Amino acid sequence: ATGKVEGRLTRTDTNGALDGATVSAAGQTTTTNSSGLYSLEVIPGTHVAVATKSGFDSDADIATVIAGKTAGLNFTLTPKTGTLFGIVYDNVTNATIANATVYIANSLVTTTSQGNFTVNESSGTHVIWILKEGYVAYTENITIIGLQTTNKTFRLRPTNGTMQGTVTDKDTGAALSGAVISINGISASTNGSGFYNLTTFTGLHVFVAVKANYHSFADNVSIEPGQT
């Protein structure tokens, strides 16, 4: 008389059923159906049952089989790797960002001239870091599904903003050239139209405008990332 080993095979990342997987025990072999179910008839005794599928790590367990009885034994297989394809954008200009550094799990890559990257990593949830000079460091949890390609866009926020304006004579309203505007140790002089343009760090700062034979002027300004 024989007994049976029956169960279901699923994958660790999605918990979905695995069809076409092979289950072997006591010299007998069968494959799972579209629902991930299998049934294997074997001689009574204690046996090692092994589940395998191409692209997945194998799994094994002990099945104790009694004549005329059914032993339940489920398996969960982990996909070897999945693919993440990403494109990195500037969240202000919407332009792609080349040469950004991307770190996830065991992969360290840089974006191409088109701002994209591809990594192959183990199935599961990983922390991704994206770094680029002039941008705030980006981090997020990303789930990679084994044997599949996950497409994802990433948007980086610039760390600098722009301050610009015109300096005029308070009494006459005439434009003042050669006035010096300073903020965060960065200075610019106004042109013939009294116009100036500065790029500096984001945040709330004090700026000062000075010109010979005029009282200096100081005020607070909030510099927003990627804005003027």
Side-chain angles (χ1 to χ4, degrees), residues 10-18 20-21 52-59 76-165 181-189 191 195-207 221-228:
T10 56
R11 51 190 296 164
T12 55
D13 52 357
T14 65
N15 203 37
L18 280 178
T52 60
K53 183 175 174 64
S54 178
F56 290 78
D57 292 328
S58 60
D59 192 17
T76 304
L77 304 188
T78 300
K80 293 183 181 297
T81 60
T83 300
L84 172 65
F85 176 80
I87 305 178
V88 181
Y89 293 94
D90 182 307
N91 79 335
V92 176
T93 67
N94 207 38
T96 57
I97 300 175
N99 298 315
T101 299
V102 180
Y103 175 74
I104 180 170
N106 296 311
S107 297
L108 180 64
V109 298
T110 56
T111 56
T112 67
S113 58
Q114 288 78 41
N116 61 64
F117 68 91
T118 303
V119 294
N120 294 303
E121 273 299 338
S122 59
S123 177
T125 300
H126 307 282
V127 178
I128 189 171
W129 287 88
I130 304 177
L131 305 174
K132 173 72 174 179
E133 185 177 358
Y135 291 88
V136 176
Y138 182 97
T139 184
E140 183 183 355
N141 289 327
I142 297 293
T143 298
I144 294 178
I145 300 175
L147 307 178
Q148 295 184 31
T149 297
T150 299
N151 297 302
K152 176 78 176 177
T153 59
F154 304 90
R155 299 188 178 275
L156 272 56
R157 182 167 61 92
T159 55
N160 292 334
T162 300
M163 175 184 173
Q164 59 181 223
I181 314 299
S182 300
I183 184 172
N184 291 331
I186 302 171
S187 298
S189 296
N191 61 18
F195 178 79
Y196 70 90
N197 186 83
L198 282 168
T199 298
T200 188
F201 306 112
T202 58
L204 183 64
H205 308 289
V206 175
F207 74 93
V221 63
S222 180
I223 305 296
E224 299 298 328
Q227 299 184 26
T228 300

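Numbering of residues begins at 1 and proceeds along the displayed sequence. Please read these numbers as outputs of a predicted model, since none were measured by experiment.
Contact between T111 and N99 at its shortest, heavy atoms only, is OG1-N, 2.9 Å. Taking both residues in full, the closest heavy atoms of T202 and G161 are given as CG2-N, 4.2 Å, listed atom of the first, atom of the second, then distance. Residue T96 comes nearest to G115 through the heavy atom pair CB-CA, 4.0 Å, listed as atom of the first residue, atom of the second, then distance. Closest heavy-atom contact between T118 and V109: O-CG1, 4.4 Å. Contact detail for T139 and V127: the closest heavy-atom pair is OG1-CG1, 3.4 Å. What you find for R11 and T76 is that their closest heavy atoms are C-CG2, 4.0 Å.
For the residue pair T150/Q148, the side-chain donor-acceptor check at 3.5 Å is not satisfied. If you check the side chains of S107 and E121, you find a donor sitting under 3.5 Å from an acceptor.
Counting heavy atoms from C-beta on, the side chains of K152 and E140 come closer than 4.5 Å. Residues P158 and D90 form a side-chain contact, since some pair of their non-hydrogen atoms from C-beta on lies under 4.5 Å apart. Counting heavy atoms from C-beta outward, I223 and V221 have side chains that approach closer than 4.5 Å. Taking 4.5 Å as the limit, every side-chain heavy atom of T101 sits out of range of all side-chain heavy atoms of W129.
A donor-acceptor pair under 3.5 Å links the side-chain atoms of K132 to the main chain of A98, judged by distance alone. When atom types are taken as modelled, the side chain of D13 and the backbone of S123 share no donor-acceptor pair closer than 3.5 angstrom. No donor-acceptor distance shorter than 3.5 angstrom exists from the side chain of Y135 to the backbone of A137, with no hydrogens or angles considered.
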message: Run V119 and I128 through side chain to side chain contact (heavy atoms under 4.5 Å, CB included) and show every step you take.
response: CA-CA 11 Å; V119 294; I128 189 171; over 6 Å; no
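Atoms CD and CG, on E133 and N160 in that order, are 9.5 Å from each other to the nearest 0.5 Å. Here CD1 of I145 is found 10.5 Å from OG1 of T149. Values are rounded to the nearest 0.5 Å. Between the OH atom in Y138 and the CD1 atom in I97 there is a gap of 11.5 Å [rounded to 0.5 Å]. Put simply, OG1 on T162 and CG on L198 are 9.0 Å apart, with the number rounded to the nearest 0.5 Å.
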